[in-house]
Amino acid sequence: MTILVCNTPFDPWQELARHQQALEQCGRYGATACFVGTLRDFNEGETVAAMTLEHYPGMTEKYLSAICAEAAQRWPIIDALIVHRAGEVTPNDTLVLTAVWAAHRAEAFAACRYLIEELKTRAPFWKHETLKAGARWVEHNTPG
Amino acid sequence: MTILVCNTPFDPWQELARHQQALEQCGRYGATACFVGTLRDFNEGETVAAMTLEHYPGMTEKYLSAICAEAAQRWPIIDALIVHRAGEVTPNDTLVLTAVWAAHRAEAFAACRYLIEELKTRAPFWKHETLKAGARWVEHNTPG
Amino acid sequence: MISVKYFASLRERMGRAEDRIDAMHARSVAEVWAEVARGAPWPANMLAAVNHAYANAQQQVYDGDEVAFFPPVTGG
Amino acid sequence: MISVKYFASLRERMGRAEDRIDAMHARSVAEVWAEVARGAPWPANMLAAVNHAYANAQQQVYDGDEVAFFPPVTGG
């Protein structure tokens with residue numbers, strides 16, 4: 001289980017390639033499910049020029065690790081990875097990556113979905129959008 | 001919508017990076033869900049040394065395209081990608097990649113799951129396993 | 001002519017990948033099977049396609065069509 | 001001492017990121033809020049954490065604890 005809060009841009013596919021390469025259980029996983037969240041250039045009717053992701057260092061890592069551990073308790077998964085961006089981001093930047101390696105696809109999908117839903121509900125991150133005119137805090141997430 | 005049947009090994013993360021780079025709707029997708037199927041080194045109690053993926057050229061491409069089109073009718077997705085391996089494969093080789101780009105995660109997950117489930121049910125591929133002793137046709141897929 | 005293709009375990013069982021049969025008269029998929037299998041019954045679970053689309057045993061087949069018989073698919 | 005942290009819109013509203021208050025006596029999270037906010041009511045939707053774990057308003061806080069107040073989270 002690996003979690004990472006990243007203050008600079010990251011490429012989700014490179015992270016996945018690197019993580020999978022390091023996975024020692026070669027030949028054991030048959031299914032990988034992953035989710036990548038990317039900053040769009042509009043939200044709730046407004047053009048978004050940039051965004052700042054604030055978080056609570058210490059509590060963030062604790063909750064991301066706990067969410068991975070919970071997923072591993074609920075489903076027979078082999079490994080999980082969460083990478084979350086922090087700081088200044090611009091449209092097309094990756095915000096979050098969740099991935100699960102398992103023997104079969106049912107548990108890979110279920111656990112991957114669990115990681116992103118729990119992360120959105122519990123991990124202490126806050127989005128502050130820079131709009132064309134002004135700025136605003138995002139009040140709530142899109143329902144899953 | 002892109003579908004590809006690949007007779008040589010492919011790296012799923014490179015395919016995803018390449019496809020996403022070419023996606024013209026920059027700033028429009030907020031959610032990418034993907035699934036990667038990998039050959040394990042055992043199946044139903046037997047050690048698998050290698051596998052041959054046979055398929056029905058012509059019908060395969062038709063069904064992979066149809067499944068993508070159906071997903072795009074059912075959910076508001078921006079793009080979909082299916083890459084399926086054919087020919088001789090060995091453990092840790094990627095067998096299949098399905099990916100969906102959408103504005104939000106609910107439709108990305110649902111459509112990605114649809115692609116792999118429908119592919120397993122309808123796309124004309126057949127797995128022939130080379131075991132330590134002998135060989136066998138895989139009779140049925142693992143339920144989703 | 002009607003082209004008849006076999007895949008996977010069914011190809012091995014037939015001992016060949018393809019047959020070509022005359023198309024003097026239209027006939028059903030079931031009749032095509034009876035002809036190429038010399039009267040052997042329809043195997044349990046066998047699937048059929050006509051012109052790259054799944055077909056049931058009653059579907060009519062015409063000159064120039066491509067028929068395929070195969071076991072349940074196991075891709076992905 | 002008890003460290004009290006504020007995040008996001010609540011940090012802006014408080015005009016500061018952190019307070020330190022004395023810890024002569026144990027008190028609840030609600031009492032910590034009343035002290036740092038000088039009696040202002042608990043804002044609708046405000047969440048609290050004690051030592052990096054979510055906490056309700058009744059949870060007791062002790063010397064050396066870190067309390068945090070923040071709006072609903074919006075990560076991912």
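Below, read A as the first sequence line, B as the second, and so on, with proteins coming before strands; counting in each chain starts at 1. Atom set for the values below is all heavy atoms of this structure, side chains included, hydrogens, waters and symmetry mates excluded. Everything numeric in this text was worked out from a predicted model, so none of it was measured.
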Checklist entry - Looking at A/Pro91, A/Gly30, A/Ala33, which makes the most heavy-atom pairs under 4.5 Å with chain B? => result A/Gly30
Checklist entry - Does some side-chain heavy atom of A/Tyr29 sit less than 4.5 Å from a side-chain heavy atom of B/Asn92? => result yes
Checklist entry - If we only count heavy atoms from C-beta on, is the A/Arg40 to B/His104 side-chain gap below 4.5 Å? => result yes
Item to check | Interface residue of largest heavy-atom contact number with chain A, from B/Ala106, B/Cys34, B/Cys112, under 4.5 Å | outcome: B/Cys34
Checklist entry - What part of B/Leu95 lies closer than 4.5 angstrom to a heavy atom of chain A: side chain, backbone, both or neither? => result neither
Next on the checklist: Distance check, rounded to the nearest 0.5 Å: B/Arg105 atom CZ versus A/Arg113 atom CZ?
Outcome noted: 6.5 Å
Checklist entry - Is the shortest heavy-atom distance from the side chain of B/Trp13 to the side chain of A/Thr32 under 4.5 Å? => result yes
Checklist outcome for this item: d(A/Gln20 CD, B/Thr94 OG1) to nearest 0.5 Å is 6.5 Å
Next on the checklist: Please tell me whether B/Phe109 and A/Phe109 form a close aromatic pair, meaning their ring centres lie under 6.0 Å apart.
Outcome noted: no
Checklist outcome for this item: Under 4.5 Å to a heavy atom of chain A? For B/Ala103 that would be both
Item to check | Heavy-atom contact with chain A under 4.5 Å, split by part of B/Glu107 | outcome: neither
